Amino acid sequence: MAFGSLPTPLGEMTVAVTEDGVAGVGWGGRRRLGERLIDGLGLAEADAPERTAPVLGELADYFAERLRVFTVPVDWRLTTAAQRSVLGTLYATVPYGRTVTYGELAARSGGGIPARAIGSIMGANPIPVIVPCHRVVASNGLGGFSGGEGVESKRWLLTLEGYLQPTLWG
């Protein structure tokens, strides 16, 4: 597993990339993400900037508003079958600047996963931003967000994508 990081408007973002693709994205530092992923996958750490460079480049372009669709491969190994179904549906069907409610995503995903479980799956998403859990909202508002600074980070990302209008004070 190779690690890399970049500064973003929401703080330092760290990525973890296997030979198969990006397996983790997180705020904070390499240590926080690395402990979770290396333990979860049982992989050794590798010094492989050639693996991390494409992911970091796409994230930098996303935050600079030059990228709307991520093309880097995703390594889904840290997800269960149910998580993979829901997160895969989200990844494939909710484009930049659009949102889906927890209930709509539950229906789209099939498999009988109730809407209330979708929030837990979003909170456990190991690849936020690239697998856009910030695009899943409550039917009566934004809902929660476990990345960065919580719901304020979600609001920032949805504003970046043009789904929300910028505020006068933000």
Side-chain angles (χ1 to χ4, degrees), residues 1-80 82-92 94-97 99 105 118-137 142-161 163-164 170:
M1 172 122 15
F3 293 91
S5 63
L6 78 155
T8 76
L10 297 175
E12 179 184 13
M13 202 160 230
T14 302
V15 300
V17 186
T18 68
E19 292 175 346
D20 295 330
V22 61
V25 174
W27 283 271
R30 178 249 169 269
R31 182 175 176 190
R32 184 174 169 195
L33 183 64
E35 287 173 357
R36 191 180 87 213
L37 295 178
I38 287 178
D39 291 346
L41 293 177
L43 299 175
E45 186 170 346
D47 181 23
E50 69 281 0
R51 270 195 235 162
T52 60
V55 179
L56 295 172
E58 285 197 6
L59 281 167
D61 285 346
Y62 169 82
F63 283 105
E65 300 182 68
R66 294 186 299 259
L67 181 95
R68 291 179 172 223
V69 177
F70 288 96
T71 61
V72 292
V74 172
D75 183 340
W76 297 99
R77 280 188 273 182
L78 281 174
T79 60
T80 65
Q83 290 171 324
R84 193 171 306 124
S85 172
V86 172
L87 292 169
T89 299
L90 169 66
Y91 182 71
V94 184
Y96 184 98
T99 63
L105 185 56
I118 298 297
S120 295
I121 292 172
M122 295 304 105
N125 177 10
I127 313 167
V129 180
I130 293 173
V131 177
C133 52
H134 61 279
R135 296 180 190 154
V136 183
V137 298
L142 289 181
F145 192 66
S146 60
E149 297 295 321
V151 75
E152 287 309 312
S153 293
K154 183 176 193 171
R155 184 182 319 279
W156 193 95
L157 292 165
L158 291 174
T159 301
L160 173 78
E161 294 186 8
Y163 178 76
L164 295 175

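Predicted model, so just to flag it, every value in this text is computed and none were measured. Just so you know, these numbers use all the heavy atoms, side chains as well, and skip hydrogens, waters and symmetry mates.
In this structure Glu19 satisfies the salt bridge (charged side-chain N to carboxylate O under 4.0 Å, His left out) test together with Arg51, sequence neighbours excluded.
Judged by distance alone, the side chain of Ser5 and the main-chain N or O of Thr14 form no donor-acceptor pair under 3.5 Å.
Looking only at side-chain heavy atoms (C-beta outward), Ile127 and Val74 come within less than 4.5 Å of each other. The shortest distance between side-chain heavy atoms of Phe63 and Met13 falls below 4.5 Å. Two residues are said to be in side-chain contact when any heavy atoms from C-beta on lie closer than 4.5 Å; Pro126 and Leu87 meet this criterion. In this structure the side chain of Phe70 never reaches within 4.5 angstrom of the side chain of Val55, judged on heavy atoms. A heavy-atom distance below 4.5 Å is found between the side chains of Leu157 and Leu10. Between Val129 and Tyr62, the closest side-chain pair of non-hydrogen atoms falls below 4.5 Å. With contacts defined as side-chain heavy-atom distances shorter than 4.5 Å, the pair Thr99/Val94 does not qualify.
In this structure, SG in Cys133 is found 13.5 Å from OH in Tyr91, a value given to the nearest 0.5 Å. To the nearest 0.5 Å, the span separating CG on Leu164 from CZ on Arg155 amounts to 7.0 Å. The CD1 atom of Ile130 sits 7.0 Å away from atom CD of Glu58, with the distance rounded to the nearest 0.5 Å. Interatomic distance, CD1 of Ile121 versus CG of Leu105, reported as 8.0 Å (0.5 Å rounding). Rounded to the nearest 0.5 Å, atoms CG (Asp20) and CG (Asp75) are 5.0 Å apart. Summarising the geometry, atom OH belonging to Tyr96 is positioned 10.5 Å from atom CG belonging to Leu158; distances are rounded to the nearest 0.5 Å.
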Leu59 vs Thr8, side-chain contact (heavy atoms from CB on, under 4.5 Å): CA-CA, chis, key distance, verdict: CA-CA 9 Å; Leu59 281 167; Thr8 76; 6.0 Å; no
CA sep, side-chain torsions, deciding dist, call: Tyr163, Thr159, side-chain contact (heavy atoms from CB on, under 4.5 Å): CA-CA 6 Å; Tyr163 178 76; Thr159 301; over 6 Å; no
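Between Lys154 and Leu142 the shortest heavy-atom distance is NZ-O, 2.6 Å. The heavy-atom pair separating Pro128 from Trp27 by the smallest distance is CG-CZ3, 4.0 Å. Taking each heavy atom of Val17 and Val22 in turn, the nearest pair found is CG1-N, 4.1 Å. In this structure, Ala23 and Thr18 approach most closely via the heavy-atom pair CB-CG2, 4.0 Å.
A salt bridge is defined here as a Lys NZ or Arg NE, NH1 or NH2 lying under 4.0 Å from an Asp or Glu carboxylate O, and Arg135 with Glu161 meets this definition.
The neighbour count for Glu12 CD, taken as heavy atoms of other residues, nucleotides or ligands under 6.0 Å away, is above 12.
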